[in-house]
Amino acid sequence: MPDAKAGPADASLPDPFTILRSRGYLVLLLMAALVGVPVSAVAFGFLALVDELQPILYTDLPKTLGFHGTPPWWPLPLLAVGGLLVGLTVQYLPGHGGHEPSGGLKASGTPAPVELPGILFAALATLAFGAVLGPEAPLIALGGGLAAGAVRLVKRDVPEKVSAMMGAAGSFAAISSLLGSPLLGAFLLMEASGLGGATLALVLVPGLLAAGIGALIFIGLGSWTGLGTYSLALTDLPRAATPTVAEFGWALVIGLSAAFVGVGLRWLAVRLKTQVERRRVPATVVLGLVVAGLAISYAEGTGKPATDVLYSGQSALGPLLSQSTAYSIGALLLLVLCKGLAYCASLSSFRGGPVFPAMFVGAAGGILLSHAPGLSLVAGFAMGVGAMSAAMLGLPLVSVLLATLLLGSQGLTVMPLVIVSVVVAHVASARLTPPPPPRRGRPRSGPREVSARLTPSPPPGAGRRTEAKLTAVSGGFVWISRSLVRVCR
């Protein structure tokens, strides 16, 4: 992951702690706190809407149409409609539906207000109709866009760097409770954006404040509405055993296995994406049917619900672990295969986040391997989650935290195993992934060119417009910290 460390040009910047003590910085913190309240409320409403739409489409609608229960073939028309809606949104609405997930979870900048309806619509069509992606990327984009737009409404002549910083705080607030901890959401955004250097704390503190307030809003709204907090945290977990020498050997195996699977899924998703870009709408419909077909095949082959394959897997992680004895080895094999391929198809065409499906595929694989001698259930589950997250996202620190904080106190017991599996998966994935093609042309100076050296090349098949957006975005994160000097003086 690129690291926006301070370079020679930063030598003239004042001491970051001087900025931290300035009056202007206190104003920024107050703005971040105020922004966190409405943004987190909107994020809660978005998650509640998705949670209501899913059973309406898959349970209530077939009963309304006269069916006794949900027919096995029901995912086919729904995912075809979902694919059509996403394809039309990406093709014709501003913003192209938001974050393109096949490249992993990367900073995509603060969207313009005109792009927010397309991001919202594509996310709802993806998540509600059952594609295998999560809500984290749309929430980050919506939170950032709403926060930046709110700041511009209050003061039209606000500096662009301040607007971008408030957008980052809004993103922190939007995912404050989604991963089970505001701190974990902050680490996710920090590592995904590549923030670093001496001014790291200056950029992160407003976001942490907004995330903390957002978590309180999530808790309050969850209690008031009775809908819960939509948090990833698991409860009623099996007890984790002390790691053994054999399990450290399994950590190597799981890490390597996750690397091969993750690189393969990303390779296939990128190549499918190049075909989708040629004929966006019909190709998205076809891949929606592929996801539905995989879910139906799994359900018919195992007798388990098709929802094991559909959706992101966020709410299914807990039941998968607690009811793992109900899954045979064959069922777990088919689950990993079908969920992984459905994940790949969704990455290439739909809009959403890549985090939760990667966690679910890794969890199912870890539970599968726990049937082998020398590997306990909780250790296999945790290492699978961490290793597959590292392989798919390229964020090793977040992957360790995801796998351990998810399990609460039990996660502390297996943390050494998770660290080994994550490091192996991360390094092996880097070795297995082909290097990006070298850049051509004369080097120039400026924000875009600085970001070009800090941002990895987009996957093959991405257009010049996509590359320009990615480089400009990460360059923005580098220049945000520098602009604090002018803003806070």
Side-chain angles (χ1 to χ4, degrees), residues 1 104-105 184 187 191 234 237-268 313 317 320-321 324 327 329-330 332-337 339-341 343-344 354-435:
M1 201 70 189
L105 189 64
L184 183 51
F187 272 110
E191 198 169 13
L234 303 183
L237 300 173
R239 185 174 180 80
T242 303
T244 64
V245 175
E247 286 179 330
F248 276 99
W250 277 112
L252 301 177
V253 173
I254 291 175
L256 288 172
S257 301
F260 279 100
V261 172
V263 170
L265 289 177
R266 285 190 282 112
W267 178 88
L268 181 58
L317 275 170
L320 178 66
L321 178 59
S324 59
Y327 288 80
I329 293 177
L332 289 170
L333 277 171
L334 197 58
L335 177 58
V336 172
L337 177 63
K339 187 78 171 185
L341 292 176
Y343 179 30
C344 179
V355 175
F356 294 117
M359 294 175 65
F360 189 91
V361 172
I367 293 173
L368 172 64
L369 292 176
S370 70
H371 286 80
L375 180 61
S376 64
L377 173 63
V378 175
F381 177 91
M383 287 190 288
V385 169
M388 185 56 68
S389 299
M392 292 301 300
L393 306 177
L395 308 176
L397 175 59
V398 168
S399 298
V400 171
L401 293 175
L402 279 172
T404 53
L405 296 182
L406 178 67
L407 298 173
S409 60
Q410 307 301 319
L412 297 176
T413 303
V414 298
M415 181 181 283
L417 299 173
V418 173
I419 291 174
V420 174
S421 66
V422 165
V423 170
V424 171
H426 183 63
V427 174
S429 297
R431 295 293 298 268
L432 292 171
T433 302

- Would H371 and L332 satisfy side chain to side chain contact (heavy atoms under 4.5 Å, CB included), going step by step from the backbone distance to the final call? CA-CA 11 Å; H371 286 80; L332 289 170; 3.6 Å; yes

After noting the C-alpha distance and the side-chain angles of L333 and L337, does the key distance pass the side chain to side chain contact (heavy atoms under 4.5 Å, CB included) rule?
CA-CA 6 Å; L333 277 171; L337 177 63; over 6 Å; no

Heavy-atom side-chain contact between [X] and [Y] under 4.5 Å:
X	Y	value
L406	M359	yes
L317	L321	no
V355	L402	yes
L393	P354	yes

Do you know the tightest heavy-atom contact between [X] and [Y]?
X	Y	result
A425	A390	CB-CB, 4.4 Å
S399	L395	OG-O, 2.7 Å
G362	M388	CA-CB, 3.6 Å
A379	V414	CA-CG1, 4.1 Å
V336	G365	CG2-N, 3.7 Å
T244	G374	OG1-O, 4.3 Å

Rounded at 0.5 Å granularity, tell me how far [atom1] in [X] sits from [atom2] in [Y].
X	Y	atom1	atom2	result
S370	M383	OG	CE	9.5 Å
L334	I329	CG	CD1	14.0 Å
L397	I419	CG	CD1	10.0 Å

Partners meeting side chain to side chain contact (heavy atoms under 4.5 Å, CB included) with L320 (sequence neighbours left out):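 L320 satisfies side chain to side chain contact (heavy atoms under 4.5 Å, CB included) with Y327, L335, F360, A363, A364, I367 only.
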
**Prompt:** Is there a side chain to side chain contact (heavy atoms under 4.5 Å, CB included) between L375 and I254 once you walk through the steps?
**Reply:** CA-CA 11 Å; L375 180 61; I254 291 175; 4.1 Å; yes

Would a distance-only check, ignoring hydrogens and angles, find a side-chain to backbone donor-acceptor pair under 3.5 Å from T433 to A430?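 No, the answer is negative, given that no donor and acceptor are paired below the 3.5 Å cut-off.
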
Margin query: Suppose the criterion is side-chain hydrogen bond (donor to acceptor under 3.5 Å, both in side chains): which pairs have a residue in residues 374-385, not counting sequence neighbours?
Written below: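 For residues 374-385, and leaving out neighbouring residues, the side-chain hydrogen bond (donor to acceptor under 3.5 Å, both in side chains) pairs sorted by first residue read E247-S376.
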
Which pairs of donor and acceptor atoms, one on a side chain in residues 255-267, lie under 3.5 Å apart (sequence neighbours left out)?
{"from": "S257", "atom 1": "OG", "to": "V253", "atom 2": "O", "distance (Å)": "2.8"}
{"from": "R266", "atom 1": "NE", "to": "A391", "atom 2": "O", "distance (Å)": "3.1"}
{"from": "R266", "atom 1": "NH2", "to": "A391", "atom 2": "O", "distance (Å)": "3.2"}

